[in-house]
Amino acid sequence: MTVKPILKELPTDLDKSRLPRHVAVIMDGNGRWAKNQGKPRIMGHQKGVDTLKELLRCCKDWGIPALTVYAFSTENWGRPLEEVEFLMTLFERVLRRELEEMCSEKIKIRFVGNLEALPKTLQTEIARSMEDTKDNQDIEFTVATNYGGRQEILQACRAIASKVAEGKLTPEDITEELWESHLYTAGLTHPDLLIRTSGEMRISNFLLWQMAYAEIYVTETLWPDFDRQEFHKALIDYQRRERRFGKV
Ligand code: IPE
Ligand code: IPE
Ligand code: MG
């Protein structure tokens with residue numbers, strides 16, 4: 001017997017027509033969660049994978065077409081080697097294990113960030129997962145790995161500057177559209193809602209350009225404890241906001 005997740009359907013107090021089209025999440029607090037349990041930090045990361053799996057399913061169940069999560073920042077290399085190595089191995093293992101299910105659930109996975117600096121074996125799994133799911137259309141799932149907003153902006157600048165230097169573009173050609181087509185997230189809509197768990201009031205180098213008009217929701221809940229009820233709360237809060245985009 002399979003246990004039906006609670007809140008399988010979209011809760012009735014949410015307006016289906018006003019759901020965010022794209023939710024971005026800074027999955028923070030794994031280390032603190034583990035510490036609270038008297039466990040090593042890596043156990044928090046391990047548990048965080050289950051949380052992510054469930055949130056992805058939830059987005060699909062509730063009709064949210066895009067989810068982007070921050071899995072590893074360019075600054076996270078500064079953590080103890082043991083933790084970094086654990087995370088790289090974890091990403092690889094989870095990808096290998098979940099790929100078949102993601103295919104059958106019509107999830108399109110994409111990785112953004114400086115992927116070339118990741119371990120080769122992880123790069124192979126990443127390439128395979130993107131290739132195998134590229135035609136899926138139920139939900140667009142983006143994982144920011146070795147991602148930094150500043151680095152993303154710099155690499156776009158360099159790419160555009162080279163084209164200008166080669167005479168392929170003029171400075172006047174540099175529009176918002178052209179710029180966005182040079183970001184890692186090219187083709188993806190901007191996030192409507194940013195969720196950060198574990199109470200920190202900062203964006204930590206995540207999607208700096210894309211976040212210009214995102215609604216920000218911060219919860220004290222630690223990432224491994226972020227479940228459908230918590231997501232429900234975030235969406236209720238989001239639907240109470242008045243998005244003005246600079247207008248009156
Ligand atoms: C987020 O949890 C996961 C990653 C950055 C990979 P943390 O590991 O930052 O957890 P805290 O912030 O130390 O509790
Ligand atoms: C942001 O969390 C990065 C990820 C969740 C992958 P951090 O824990 O690295 O951010 P800071 O250090 O609190 O800013
Ligand atoms: Mg943290």
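These values consider heavy atoms only, across backbone and side chains, with no hydrogens, waters or symmetry-generated copies. Computed from a predicted structure; not experimentally measured. Order of listing sets the numbers, starting from 1, for every ligand and every atom in it.
- Residue contacts with ligand 1: Trp33 is placed with no nitrogen or oxygen under 3.5 Å of a nitrogen or oxygen of the ligand (distance criterion only).
- Only one option out of Asp227, Val25, Ile64, Asp50 pairs with Leu55 in a side-chain contact (heavy atoms from CB on, under 4.5 Å); it is Val25.
- By the 30° and 60° cut-offs, the orientation of the rings of Tyr213 relative to Phe245 is tilted.
- Of all protein heavy atoms, the one closest to atom 5 (C) of ligand 2 is Met27 O, 3.5 Å.
- In this structure, atom 10 (O) of ligand 1 lies nearest to the protein heavy atom Gly31 N, 2.9 Å.
- Ser73 does not count as a contact of ligand 1, since none of its heavy atoms falls under 4.0 Å from the ligand.
- Contact annotation: for Phe206 versus ligand 2, there are no heavy atoms closer than 4.0 Å.
- The protein non-hydrogen atom at the shortest distance from atom 1 (C) of ligand 2 is Ile26 CG2, 3.9 Å.
- Ligand 1 lies nowhere less than 4.0 angstrom from a heavy atom belonging to Glu200.
- At the shortest separation from atom 2 (O) of ligand 2 among protein heavy atoms lies Arg196 NH2, 3.7 Å.
- What you find for Arg41 and Arg79 is that their closest heavy atoms are NH2-NH1, 3.0 Å.
- Residues His22 and Glu140 bring no donor and acceptor atom of their side chains to less than 3.5 Å of each other.
- Heavy atoms of Ser198 stay at 4.0 angstrom or farther from ligand 1.
- Using a 3.5 Å distance cut-off with no hydrogens or angles, the side chains of Glu220 and Ser198 do not pair a donor with an acceptor.
- A donor-acceptor contact closer than 3.5 angstrom is absent between the side chains of Asn146 and Gln151.
- Note on Asp28: its N/O/S atom closest to the Mg ion (ligand 3) is OD1.
- The NE2 atom of His182 lies 13.5 Å from the CZ atom of Arg158; values are rounded to the nearest 0.5 Å.
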Decide salt bridge (Lys or Arg N to Asp or Glu O under 4.0 Å) for Glu152 and Arg150; before the verdict, give the C-alpha distance in whole Å, the side-chain angles of both, and the deciding distance to 0.1 Å. CA-CA 5 Å; Glu152 178 182 43; Arg150 288 177 178 173; over 6 Å; no
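- Listed by atom number, the atoms of ligand 2 under 4.0 Å from Phe72 heavy atoms are 6 (C).
- Ligand 1 is approached by Arg79 to a heavy-atom distance shorter than 4.0 Å.
- Summarising the contacts of atom 13 (O) of ligand 1 with His45, Arg32, Arg41, the nearest heavy atom is found in Arg41.
- Checking only distances, Asn76 does come within under 3.5 Å of ligand 2, N or O to N or O.
- Of all protein heavy atoms, the one closest to atom 6 (C) of ligand 1 is Ala71 O, 3.3 Å.
- Taking any N or O of Arg202, backbone or side chain, at least one lies under 3.5 Å from an N or O belonging to ligand 2.
- A donor-acceptor contact under 3.5 angstrom links the side chains of Arg243 and Tyr238, judged on distance only.
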For salt bridge (Lys or Arg N to Asp or Glu O under 4.0 Å), just list the numbers for Glu131 and Lys134, CA-CA rounded to whole Å, side-chain angles, deciding distance to a tenth of an Å, and then say yes or no. CA-CA 5 Å; Glu131 175 60 26; Lys134 68 177 191 309; 3.0 Å; yes
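- Scanning all protein heavy atoms for the shortest distance to atom 14 (O) of ligand 2 gives Ser204 OG, 2.7 Å.
- Using a 3.5 Å distance cut-off with no hydrogens or angles, the side chains of Trp209 and Glu180 do pair a donor with an acceptor.
- Neither the backbone nor the side chain of Glu75 has a heavy atom within less than 4.0 Å of ligand 1.
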